[in-house]
Amino acid sequence: RKEVEQDPGPFNVPEGATVAFNCTYSNSASQSFFWYRQDCRKEPKLLMSVYSSGNEDGRFTAQLNRASQYISLLIRDSKLSDSATYLCVVWRGDMRFGAGTRLTVKP
Amino acid sequence: DAGITQSPRHKVTETGTPVTLRCHQTENHRYMYWYRQDPGHGLRLIHYSYGVKDTDKGEVSDGYSVSRSKTEDFLLTLESATSSQTSVYFCAISESPGSNEQFFGPGTRLTVL
């Protein structure tokens, strides 16, 4: 079993839709949590850190449930430019990456 | 964007040949990392460095070695490349581990025939 599991998708949604991605992690010692974004054939870039209280950055909301070892990312009012692969990442001494969830936003 | 470059950006080589990939940073970050990315696996840590001449193994270190003689350069060497090492290799840097963001280089696409 992989340490960080994500639904690979693809998620195909129309512009303006709300889409949610889920991620589970297996190691309860994980201490820090992140969502990274990776465009096709590009390097990953930090989208946002994830805090226990939940946090929001514009159209993006991240939630963490330590008891269930579950992380989520909600994107509201999807834009064409949101099309990318979203990587769930946990840190417990080193970074562990999920395989990513691919999102395509269509006109 | 963080100042990280990788060279070469693309390489095709044959099984059994040595290959060295270079990562260069201009941010003076202490920590540097080498990852490989394969379909269905996400990024996996190969080796990392926490200072000049200080390196340690990651999750998938077999068949790879690293060296860091200067703060700005981190080299990844495949002593004898195998087809299973065909992958996209990313270098990353961070000021500290854990809660700090990692900044990634543009990647090197390596094909071992």
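Letters go in sequence order (proteins before strands), and every chain restarts at 1.
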Are the side chains of B/Y35 and A/M95 in touch, meaning some heavy atoms are under 4.5 Å apart? yes

[X] and [Y]: same hydrophobic cluster, using ILVMFWY side-chain contacts below 4.5 Å?
X     : Y      : answer
A/V13 : A/L73  : yes
B/Y31 : A/L46  : yes
A/Y86 : A/V19  : yes
A/L74 : A/V105 : no
A/V50 : A/F34  : no

Okay, side chain of A/Y36, backbone of B/Q102: is any donor-acceptor separation there less than 3.5 Å? yes

With only heavy atoms counted, which part of [X] is less than 4.5 Å from chain B, the side chain, the backbone, both or neither?
X     : answer
A/Q6  : neither
A/K2  : side chain
A/L87 : side chain
A/P8  : neither
A/R96 : side chain

Over all heavy atoms of both residues, which pair between A/P44 and B/F104 is shortest? Give the atoms and the distance, please. O-CD1, 3.5 Å

Considering all heavy atoms of both residues, which atom of B/P106 and which atom of A/E43 are nearest to each other, and what is their separation? CA-OE1, 3.8 Å

Between B/R109 and chain A, with a heavy-atom cut-off of 4.5 Å, which part of the residue counts as in contact: side chain, backbone, both or neither? side chain

Side chain, backbone, both or neither: which part of B/L43 has a heavy atom under 4.5 Å from chain A? both

